[in-house]
There are 2 protein chains.
Amino acid sequence: MTTLLDVARLADVTTATVSNVLRDRGRFSARTRARVLEAVAQLQYRPHLTARALAEGRPPTIALMVSSIANPFYPEFALAAERAARRDGYFLIICNTNDDADVGQAYFDQIGGTLSEGILIMNSALDVDALYRGHGDGSPVVLCMWERPDRAPTLPCVAVDFFLAGRLAAAHLLELGHRRIGAIVGSARHGIHAARYEGFCQTLREADIAGFADDVRFTDDSIQGGHGAAQSLLRANPALTAIFATNDLPALGAVYAALDMGRAVPDALSVIGITDIRLARESRPALTTIAVPTAAAADLAVALLRELIRDADMTDSTLRVAPAPRLVQRDTTGIRRA
Amino acid sequence: MTTLLDVARLADVTTATVSNVLRDRGRFSARTRARVLEAVAQLQYRPHLTARALAEGRPPTIALMVSSIANPFYPEFALAAERAARRDGYFLIICNTNDDADVGQAYFDQIGGTLSEGILIMNSALDVDALYRGHGDGSPVVLCMWERPDRAPTLPCVAVDFFLAGRLAAAHLLELGHRRIGAIVGSARHGIHAARYEGFCQTLREADIAGFADDVRFTDDSIQGGHGAAQSLLRANPALTAIFATNDLPALGAVYAALDMGRAVPDALSVIGITDIRLARESRPALTTIAVPTAAAADLAVALLRELIRDADMTDSTLRVAPAPRLVQRDTTGIRRA
DNA sequence: ATGAAAGCGCTAACAC
DNA sequence: GTGTTAGCGCTTTCAT
């Protein structure tokens with residue numbers, strides 16, 4: 001390992017000067033600068049990031065907690081977050097909680113403030129508030145993809161109006177003439193996708209569509225979950241002409257289930273999701289969905305986190321709202337035929 | 001921030017003792033232990049991981065370099081790697097290189113040996129050897145998912161026999177009676193998927209299938225890439241009855257392209273991929289593919305990295321081979337009808 | 001313009 | 001059993 005001291009000796013200066021040159025601070029002559037740089041090159045010196053972090057009192061990393069990086073939505077967010085973080089000189093540590101509170105707490109306790117300077121938290125089934133409280137002198141935290149801009153949480157967050165997304169989805173189906181619409185919620189009843197479902201319900205209610213309350217299934221956020229839920233829905237009520245899912249993965253699952261059951265999509269069943277993950281566009285039939293500004297949200301989240309890092313007791317304007325969701329019509333929704 | 005010293009003062013011992021108690025080393029009486037633990041609890045003390053890392057001379061993290069975490073294969077690997085790493089007490093830092101050599105080098109230089117104790121590298125288009133050499137006194141590196149177990153690279157690695165995977169895919173198609181088979185390679189001609197294509201070609205050659213040399217397209221590892229390649233292939237040679245893709249994503253793209261062109265799968269076109277990502281099983285039609293032991297490879301990779309960390313100049317048996325790929329037949333391949 | 005020296009919070013010899 | 005002390009490699013006042 002070659003250290004600052006090695007460089008200093010070779011360049012015949014002290015570590016302070018080397019440090020200054022390297023970080024372009026303080027004063028030094030052009031000559032020393034050259035000598036130092038040469039020594040650095042010659043010795044292939046690279047700063048010890050851990051040592052620097054300790055001396056500076058801040059690590060060069062921020063963490064991203066997700067329930068499972070294997071859910072294809074998260075990588076899309078993570079990619080954007082990583083780019084944003086890197087732009088600001090941070091490395092991104094990705095933590096899978098698996099929605100396990102203990103794991104989440106462990107991550108929180110271990111990385112917050114010491115290994116990483118701040119924590120981005122993706123919407124998760126965990127009670128983040130509780131985690132955060134247990135966490136004491138926390139380093140800053142921002143909730144990403146909060147679902148209800150109108151209901152600000154305790155913690156700083158960037159919100160996406162998923163309630164509106166639910167409404168848009170319902171409105172689209174109504175417009176196409178659908179009246180019997182099933183719903184698949186990719187979380188527990190009062191879980192993270194609740195707002196989306198509420199938005200959906202409200203719009204149906206406003207259109208005086210009743211009696212759909214039984215046509216809902218709660219499952220996990222996956223193709224498989226959506227597949228099972230759709231089968232159940234369709235078997236229980238074959239008269240359904242459309243299905244709304246609170247996320248693209250279960251929506252895709254619903255499409256595949258319909259196909260498996262011999263119902264053409266969209267002719268015999270319309271399906272709409274929320275998010276617009278890449279797969280929504282690339283799958284066949286391509287999924288109609290309510291697109292959500294993933295990358296924008298990631299950028300906002302990193303920016304907010306930075307502000308919180310800079311100003312620890314910033315307490316105002318700690319809620320950022322990402323651009324509104326919008327309909328992306330593709331090939332899984334059509335006019336009601338039945 | 002509460003430090004070891006705070007705890008020590010409250011418990012009326014020295015930092016050394018606190019450190020010992022916390023890490024269960026050295027000797028201490030049950031009474032002091034209790035006092036220390038109480039002080040820790042009372043002050044909500046949590047160790048400063050950066051300070052510890054500096055003192056111990058090793059950071060608690062390992063890094064995973066991937067070209068893009070948005071490719072759905074990587075998260076599956078990353079998830080397994082993260083679990084394995086955590087089991088060993090490490091955090092996982094995920095780095096997207098975007099297949100950009102400069103970014104890769106930057107990551108290498110910055111995290112290797114200082115921020116992370118070792119680096120896992122996913123198969124990438126980068127010349128890792130070169131990066132590694134440029135990297136000087138590197139911390140250990142292991143290449144994950146090396147494609148040719150029979151051709152050991154300079155660097156430590158865990159290999160998966162992708163040449164065999166290519167052969168298996170070809171064999172399967174031949175068995176179903178296919179003779180005119182197109183190929184989609186999810187990388188540049190001599191890129192990372194070359195071995196898979198070579199295996200495929202060799203098996204065809206052994207079966208005396210000739211003249212297929214033009215029926216190949218090189219593209220990127222995505223559904224979209226496969227879609228375009230398949231369109232091109234099918235237009236140039238409508239007589240093709242099957243398509244082999246070196247990865248599941250392009251294979252799926254080929255399936256969707258066939259569908260878009262009105263060719264039923266598998267009746268009018270069989271398609272096979274390699275990897276068996278989750279989507280392969282969940283998409284419709286479910287993709288026939290050559291399954292590759294992703295999680296096992298991740299476990300092996302982390303284990304190998306740990307050995308290298310422990311024994312810096314270990315040089316033997318630095319090549320680990322993951323279990324063999326195997327055919328998973330699903331719904332995109334069938335007997336040749338045409 | 002450069003050097004000396006005191007930490008950052010922790011671990012690890014070694015002494016008592 | 002517990003305390004003392006010297007670092008880990010770097011940054012950062014403060015002298016000079």
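All values below come from the heavy atoms of this structure, side chains included, with hydrogens, waters and symmetry mates left out. Letters go in sequence order (proteins before strands), and every chain restarts at 1. Just so you know, these numbers come straight off a predicted model, no measurement behind them.
- Regarding Leu115(B), its CG atom lies at a distance of 20 Å from the P atom of dC8(D), rounded to whole Å.
- To the nearest angstrom, P of dT2(D) lies 15 Å from CG of Leu22(B).
- For the pairing with Met122(A), the side chain to side chain contact (heavy atoms under 4.5 Å, CB included) check across Leu143(A), Val66(A), Ile192(A), Thr97(A) returns one residue only, Val66(A).
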Between the protein and nucleotides 7-10 of chain C, which nitrogen or oxygen pairs are less than 3.5 angstrom apart?
from    : atom 1 : to       : atom 2 : distance (Å)
dC8(C)  : O2     : Ala55(A) : N      : 3.2
dG9(C)  : N2     : Ala51(B) : O      : 3.4
dC10(C) : OP1    : Tyr45(B) : OH     : 2.3
dC10(C) : OP1    : His48(B) : N      : 3.1
dC10(C) : OP2    : Leu4(B)  : N      : 2.4

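- Of the residues listed (Val13(B), Val40(B), Val21(B), Thr17(B)), the one engaging Val7(B) in a side chain to side chain contact (heavy atoms under 4.5 Å, CB included) is Val40(B), and it is the only one.
- Surrounding CZ of Arg33(A) are at most 12 heavy atoms belonging to other residues, nucleotides or ligands under 6.0 Å away.
- If you take CG of Asp12(B) and P of dG1(D), they are 18 Å apart, rounded to a whole angstrom.
- None of Arg306(B), Arg83(B), Arg87(B) except one satisfies the salt bridge (Lys or Arg N to Asp or Glu O under 4.0 Å) rule with Asp299(B); the exception is Arg87(B).
- Nucleotides of DNA chain D nearest to Thr32(B) and Asn20(A) differ in position, and the one nearer the 5' end is that of Thr32(B).
- The local environment of CD in Glu56(B) is crowded, with over 12 non-hydrogen atoms from other residues, nucleotides or ligands closer than 6.0 Å.
- Contact check, Arg25(B) against dT11(C): no side-chain N or O comes under 4.0 Å of OP1 or OP2.
- Residue Thr14(A) is in base contact, counting any heavy-atom pair closer than 4.0 Å across all strands shown.
- To the nearest 0.5 angstrom, Asp6(A) atom CG is 11.5 Å from Gln42(A) atom CD.
- Atom-to-atom, CZ of Arg27(A) to P of dC14(D) comes out at 14 Å; the value is rounded to the nearest Å.
- Computed from coordinates, the Arg58(A) CZ to dT11(D) P distance equals 12 Å when rounded to whole Å.
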